[in-house]
Visitor: 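Just dropping this structure here.
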Amino acid sequence: MPDVTSAGSSAQQTIDALIGSDAQALSAQLALLRNRIFPPAAQKTLRRFSSGETASLVQISDSYLRQLALAGEGPVPEKTGGGRRSYTLEQIHELRSFLGTKKKPGPPGRKGGEHLQIIAVANFKGGSGKTTTTVHLTQYLAFRGFRVLALDLDPQASLSAMFGYQPELDIGENETLYAALRYDSQRRPLREVIRPSYIPGLDVVPANLELHEFEHDTPRLLAKAEGRKEALFFTRLSEALATVEAEYDVVVIDCPPQLGFLTLAALCAATGVLITVHPQMLDIASMCQFLLMTSDLLSVVREAGGSLEYDFLRYLVTRYEPQDGPQTQVVGFLRSLFGERVLTNPMVKSTAISDAGLTKQTLYEVGPQNFSRETYNRASEALDAVNGEVAQLMATAWGRTSR
C-alpha cells in the first residue's frame, strides 16, 4: 500500500494518486453493479401497472376500468395467466386522454395562460432528502400525466444516477446544464442537453463534475463585467428554461447542498421552493444559517434587478420517524414558527424507500410486490400525500379551485 504519511510534495502526490485510484475502482464497480441490475444494455425500464394502480392514476374506479376493457374501449391491457390486467405508462397516458373525450378527468397539464411551474428543492445540508424528494416528485407528476423536466444541478449527480446515468461514464463534456449556462462561445441551447428518460413524459438534464465550472466562471466574470448584461448570472437559467417552456408543465430542480451560484440561479428561476429539513436540532441550526445567507444574497439579487416572485415557499419535513419524541417536538417547533409554510404531510423514514434506492430505483418503480403490504402502503401513502400536496400548490398557483 502507498505510504500516505510521509511529508512533502511526494506525499501529496501519493495521496492524490491513492484517491484517484479509489475513484476509478469505485466507478468500475458501480458500472458492473449497474450492468448486473439492468442487463444487457444497462438501461432502466419502467414496470407495468396493475389495474388497481392504473385506475387510481387516472382517477376512476377499478370496476369502471374493467368495463372499458371488456367493451374494448381505450388501450388493450396485457393479461397474465391468472386473468389479471396490467398497463404500461404509455397506455395510462392514452387512457387518460381517452377519458378526457368522455368528459372524465383528462390530462392535468397546463392550460392556456397558465405559467410553467419551476420548483427548486434546496437546503444547505447534505442528507436532508433533496434528491429523494425530487425524484419521487417528478415521477409522481409524470405518472399523473404532467409533462415534467428534471434538472440535476448537483455536481455529485445523485439524481442522474437514479435515472440510470453514471456521470463519469454516460455524461460527456458540455452535456450538462452547464452547457446552457456557460459564458463563452461553447454555450448550447438547453434543448440539446435534455435527455428523455425511461418514463414517458419525464425528461432529464443530467449532471457531473463539470457543473463546478459555473461556480468558478461566475465570480471571474462578475469581477470584470462592470454591469454588462452577461454578468447577470441569475437570469441565465430562466432564459434557458424559457426556450423549452412550451414543452413542459413543470420543472423540478435538485439543487446542490451549498448556497453557490448554481443554487442562486435556481432560486431566481423558481416559481416555487421546497426546503427539505430533517427534524434534528443540528439540522435546524444548519437550516437557519442557510436561510440567513439566502435572504442576504437574494436581497442583493433583487437590488440588481432580479425577479423573485414565488407562488409558494414550503418547508418539507423529511426522514421523519413519528415514534421519535424529540423529532415530534422539532416538527411542532417548526409548525409554531412557520405555520402553513410547513407542508402538512411529512416524508416518513422508510426502509422500503431505502431498499429501493439500493438498486437505484424509487418506491414507485419497484412496486408493491417487493415488500410486505403494510411496509409498502405506509411508505407509498406518505409519498403520495407529500407529492399530492405539492401538486395542489401548483393547481392553486394556476388558479384552479380544485382537482
Side-chain angles (χ1 to χ4, degrees), residues 37-111 135-150 162-164 194-204 246-250 252 356 359-371 373 376-377 379-381 383-384 387-388 390-391 394-395 403:
I37 296 172
F38 306 112
Q43 292 184 348
K44 298 181 70 174
T45 58
L46 186 62
R47 66 180 176 91
R48 301 181 69 89
F49 294 82
S50 70
S51 59
E53 291 175 306
T54 300
S56 176
L57 286 171
V58 297
Q59 299 178 314
I60 60 175
S61 67
D62 197 9
S63 60
Y64 181 62
L65 180 61
R66 187 180 302 109
Q67 291 175 20
L68 291 174
L70 292 173
E73 296 187 272
V76 179
E78 181 181 279
K79 286 187 178 180
T80 64
R84 291 187 175 87
R85 290 166 287 116
S86 66
Y87 294 79
T88 66
L89 187 57
E90 291 95 334
Q91 289 179 313
I92 292 173
H93 290 335
E94 181 185 343
L95 180 61
R96 191 178 287 112
S97 297
F98 171 76
L99 291 170
T101 65
K102 296 171 68 68
K103 299 184 178 180
K104 297 288 183 180
R110 290 194 292 147
K111 308 298 189 295
V135 70
H136 283 97
L137 176 59
T138 58
Q139 293 186 0
Y140 174 93
L141 294 172
F143 288 175
R144 281 153 183 80
F146 291 94
R147 300 170 301 164
V148 185
L149 177 62
M162 289 296 290
F163 281 111
I194 292 175
R195 302 190 183 197
S197 77
Y198 51 92
I199 296 175
L202 174 53
D203 293 340
V204 183
E247 298 164 33
Y248 299 100
D249 302 311
V250 56
V252 186
T359 54
K360 295 184 180 178
Q361 295 183 95
T362 67
L363 189 73
Y364 293 141
E365 290 177 85
V366 295
Q369 64 275 11
N370 294 281
F371 305 97
R373 181 181 297 273
Y376 181 84
N377 287 346
S380 64
E381 286 170 8
L383 285 170
D384 286 351
N387 294 326
V390 176
M394 290 168 46
R403 276 220 20 93

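The basis for the numbers below is simple: all heavy atoms, side chains too, and nothing from hydrogens, waters or symmetry mates.
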Visitor: Which heavy atom of Ala150 sits nearest to which heavy atom of Thr138, and what is that distance?
Guide: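 In terms of heavy atoms, the two residues are closest at CB-CG2, 4.0 Å.
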Visitor: May I ask you to establish whether Arg373 and Tyr376 are in a cation-pi arrangement, using a distance under 6.0 Å from NZ or CZ to the six-membered ring centre and at most 45° from the ring axis?
Guide: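 Here Arg373 fails the 6.0 Å and 45° test against Tyr376.
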Visitor: Give the intermediate values and the outcome of side chain to side chain contact (heavy atoms under 4.5 Å, CB included) for residues Leu65 and Leu95.
Guide: CA-CA 10 Å; Leu65 180 61; Leu95 180 61; 3.5 Å; yes
Visitor: Looking at Leu57, is its backbone amide N or carbonyl O close enough to the side chain of Arg96 to form a donor-acceptor pair, meaning the two atoms are under 3.5 Å apart?
Guide: yes
Visitor: About how many Å separate OG of Ser50 and CZ of Arg84, when rounded to the nearest 0.5 Å?
Guide: 9.5 Å
Visitor: Taking side chain as C-beta onward, heavy atoms only, is Leu99 less than 4.5 Å from Leu68?
Guide: yes
Visitor: Distance check, rounded to the nearest 0.5 Å: Arg144 atom CZ versus Gln59 atom CD?
Guide: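 The distance works out to 8.5 Å.
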Visitor: What heavy-atom pair brings Ser197 and Leu202 nearest, and what distance separates the two atoms?
Guide: OG-O, 2.5 Å
Visitor: Check whether Gln91 reaches the backbone of Val76 with its side chain - one donor and one acceptor, N or O, closer than 3.5 Å.
Guide: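 It does hold such a pair.
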Visitor: Looking at Asp203 and Leu149, would you say the former's side chain and the latter's main chain have a donor-acceptor pair under 3.5 Å?
Guide: no
Visitor: Look at the aromatic rings of His136 and Tyr364 and report parallel, tilted or perpendicular, splitting at 30° and 60°.
Guide: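 Perpendicular, since the angle between the ring planes exceeds 60°.
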Visitor: Please report the shortest heavy-atom distance between Pro368 and Glu53, naming the atom on each side.
Guide: CD-OE2, 3.6 Å
Visitor: When you compare the side chain of Gln67 with that of Glu73, does any pair of heavy atoms fall below 4.5 Å?
Guide: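 Not touching, per the 4.5 Å side-chain cut-off.
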Visitor: For the residue pair Ala69 and Tyr87, what are the closest heavy atoms and their distance?
Guide: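 It is CB-OH, 4.1 Å.
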Visitor: Report yes if the side chains of Phe143 and Leu46 come closer than 4.5 Å at any heavy-atom pair, otherwise no.
Guide: yes
Visitor: If you measure from CG on Leu137 to OG1 on Thr362, what distance do you get to the nearest 0.5 Å?
Guide: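 Separation between the atoms: 12.0 Å.
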Visitor: Taking it one step at a time, do Leu141 and Asn387 satisfy side chain to side chain contact (heavy atoms under 4.5 Å, CB included)?
Guide: CA-CA 8 Å; Leu141 294 172; Asn387 294 326; over 6 Å; no
Visitor: So which atom in His93 and which in Pro200 form the shortest heavy-atom distance, rounded to 0.1 Å?
Guide: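 Reported closest heavy-atom pair: NE2-O, 3.2 Å.
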Visitor: Check for a donor-acceptor pair, side chain of Arg85 on one end and backbone N or O of Pro77 on the other, with a separation under 3.5 Å.
Guide: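 Checking the backbone N and O of Pro77 against the side chain of Arg85, no donor-acceptor pair under 3.5 Å is found.
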Visitor: Indicate yes or no: at least one non-hydrogen side-chain atom of Gln139 is less than 4.5 angstrom from one of Phe163.
Guide: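 Counting from C-beta outward, Gln139 and Phe163 do come under 4.5 Å.
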Visitor: Looking only at heavy atoms, what is the nearest atom pair of Tyr64 and Ile60, with distance?
Guide: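 Result for this residue pair: CD2-CD1, 3.8 Å.
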